Protein chains: 2
Amino acid sequence: MRDSLRELKVELGDRSYPIVIGQGLLGSYDLSPYVRGSKVMIVTNETVAPLYLESARACFPGKQVDAVVLPDGEKYKDWQTLNLIFDRLLENRHSRKTTLVALGGGVVGDMTGFAAASYQRGVPFIQIPTTLLSQVDSSVGGKTGINHPLGKNMIGAFHQPEVVLVDTDSLRTLPPREISAGLAEVIKYGLIRDKDFLAWLEREMTLLIDLDTPALVEAIYRSCACKAEVVAQDEREGGLRAILNLGHTFGHAIETFAGYGNWLHGEAVGTGMMMAADLSLRQGMITEEDRARAVGIIKRAHLPELAPAGMNPDDFLRLMAVDKKNVDGSLRLVLLRSLGDAIVTEAVDMQKLDATLRNFCSDTTGVEV
Amino acid sequence: MRDSLRELKVELGDRSYPIVIGQGLLGSYDLSPYVRGSKVMIVTNETVAPLYLESARACFPGKQVDAVVLPDGEKYKDWQTLNLIFDRLLENRHSRKTTLVALGGGVVGDMTGFAAASYQRGVPFIQIPTTLLSQVDSSVGGKTGINHPLGKNMIGAFHQPEVVLVDTDSLRTLPPREISAGLAEVIKYGLIRDKDFLAWLEREMTLLIDLDTPALVEAIYRSCACKAEVVAQDEREGGLRAILNLGHTFGHAIETFAGYGNWLHGEAVGTGMMMAADLSLRQGMITEEDRARAVGIIKRAHLPELAPAGMNPDDFLRLMAVDKKNVDGSLRLVLLRSLGDAIVTEAVDMQKLDATLRNFCSDTTGVEV
């Protein structure tokens, strides 16, 4: 069962922690050494609970395990739902020594992490991500938070977990759309920092789509390792870490336009990365061959190739202006200098940006920039 | 005007910051060197705004100064009111480079600090405390947060300010009850750690009650210095810092029983410290003379000498059991080993505790422990 167990350490000084990746871990892997007190509170949602809550409980032998089940969906990533966690913690008298456990995808992970960062000004937490996106993205970096009606992830904290447990078996219950959304972030690591990994992905994409375990373990390991390297150099997102946002500025605009939860985050990032590659070509930074490889591997992951129906270039410009990565209002984008090498730039040619936006909008009725 | 300007550094490595204490600072002291970006958001309340908002604006020459005015009172220290800050920040497109400024008492300071800790996962903030309690307590330590219906300050973060500006003139508009409440925390520093300061307070209490400026500057300076020493040794409240909670376990029970905001925090702490001194005597830790000095100086600050009418010993026991300073349910209290020397102990004699509770409850109908 555990032939392909891999372990990776995220190096963050006294906040360092391991990521354990393998098959069949839920229900058998002992996480109790990572729990300092006697109590644990598992936070999950109504979709994941029937599938994995009991096996997750079994990972904490000898501990008193409490659980709270949230409604499922990005639209619940708000204060009201977060407060359900605080209600349960206080009703059941959890002290500062309790450990929170996030069992689910990115929404559960972000909310549980923020609850842990804020409950009594900070308690430890453990992540058991059950979607591919959360396994390769939220597992590393310590970003936690909730949405505000005026913007995604606007309220949150940096809070590192004690350990992350990734069981690839949990991907078997995921809809194919969610696998594709996760692969968007996997591909991102190849595009921004690791050309060899990109070539590996071009060879192995079919196995990944088919949920081949060794291929999944390898892809998750290399994705987490890539992100861990970046985060170790820039924990609080002052510089390098911004390259992890390749495709995200376009992607956030798409998600906001579509309404939270209608497009998956990874889907929007997939299309956003195609747009970034398109603009990188137009700005003379990469070759047509590079653009075609970038767009090709994203398409092979079955990600959407156009912005949502009805979205026009002006919608993008309007929605990108409130993106939180903007420094004092100027537009900053992550673009490709070559495959495997991303940069953050404010040198965005507005005519070329407009051409890219038009290229991805089926509705191009917006006013010219 | 500035004869008695004092400056103190809170030593917390790369989170160190100065506290500037003096008279006539609001409206003239230049805080713009502490603002990294171009924008500032002052958070205040409807009582403080008409008195000091314009002078606070004048402390940020050359900056774009925005403001949000919250309703006044502990009962508004909740998520809904906190969200008014986030709404304004997002509506006015404040980026990660904005600086929040807390102008007001402890409630404004705690909420603004938590908003700063959480807005886009953390922005800088500056404190301009305008009550004596917030000047000597919330100025140092970085504790921020909001209340939950099931407990005070249950949701929050540790977040250190860039600078704290204390203008003693702002105390002239405070009701006498608020001065007394602040003096409770001032006296606390003498009781837990500084017998010389306690003796100074016994000599100068009349001047303090009369708002004599040099006496206020000295009392605030020594209080902040005492707290800064403790916090520097224990920023995240793992050990020593717990002595700052002298009187607070009893005090929280009183505040909760009375309903948030009906007793001032400092009033409850004042009575709580009398109770702690009473129990310290009963447990054979201090002499009757020490107890009498502790109780005497608290009385001279015009603080309440009994628990609220209708509160009985059982109310205390019930409300103290959910206090967040409890580790896994056992009762921990801060008691006095001598004047100027507090300790945290779990060795609480329940019979003696009951005697103390009865001594401070006019209603002693509770069941015996």
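Order of the sequence lines fixes the chain letters, A, B, ..., with proteins taken first and strands second; residue numbering starts at 1 for each chain. The structure presented is a predicted model; accordingly, all values stated were derived computationally and were not measured.
- Considering all non-hydrogen atoms of both residues, A/Arg332 and A/Thr249 come closest at O-OG1, 4.1 Å.
- Considering all non-hydrogen atoms of both residues, B/Pro124 and B/Arg96 come closest at CD-O, 4.3 Å.
- Using cut-offs of 30° and 60° on the angle between ring planes, the pair A/Phe250 and A/Phe316 is perpendicular.
- Side chains of B/Asp87 and A/His148: a donor-acceptor N/O pair is present below 3.5 angstrom, by distance only.
- Contacts of A/Leu89 with chain B are absent, with no heavy-atom separation under 4.5 Å from either backbone or side chain.
- Nearest heavy-atom pair, B/His94 versus B/Gln120, reported as atom, atom and distance to 0.1 Å: O-NE2, 3.7 Å.
- Scanning both residues, A/Ala242 and A/Val344, for their nearest heavy atoms gives CB-CG2, 3.5 Å.
- How far OG1 of B/Thr98 is from CZ of B/Arg36: 11.5 Å, rounded to the nearest 0.5 Å.
- Contacts with chain B (heavy atom to heavy atom, under 4.5 Å) involve these residues of residues 78-86 of chain A, listed by number: A/Trp79, A/Asn83, A/Phe86.
- Between A/Tyr17 and A/Glu162, the shortest heavy-atom contact is CB-O, 3.3 Å.
- Counting heavy atoms from C-beta on, the side chains of A/Asn147 and A/Glu74 come closer than 4.5 Å.
- Side-chain atoms of B/Asp234 come within 3.5 Å of backbone N or O of B/Leu240 as a donor-acceptor pair.
- Of residues 109-117 of chain B, those residues with a non-hydrogen atom less than 4.5 Å from any non-hydrogen atom of chain A are, in numerical order, B/Phe114, B/Ala117.
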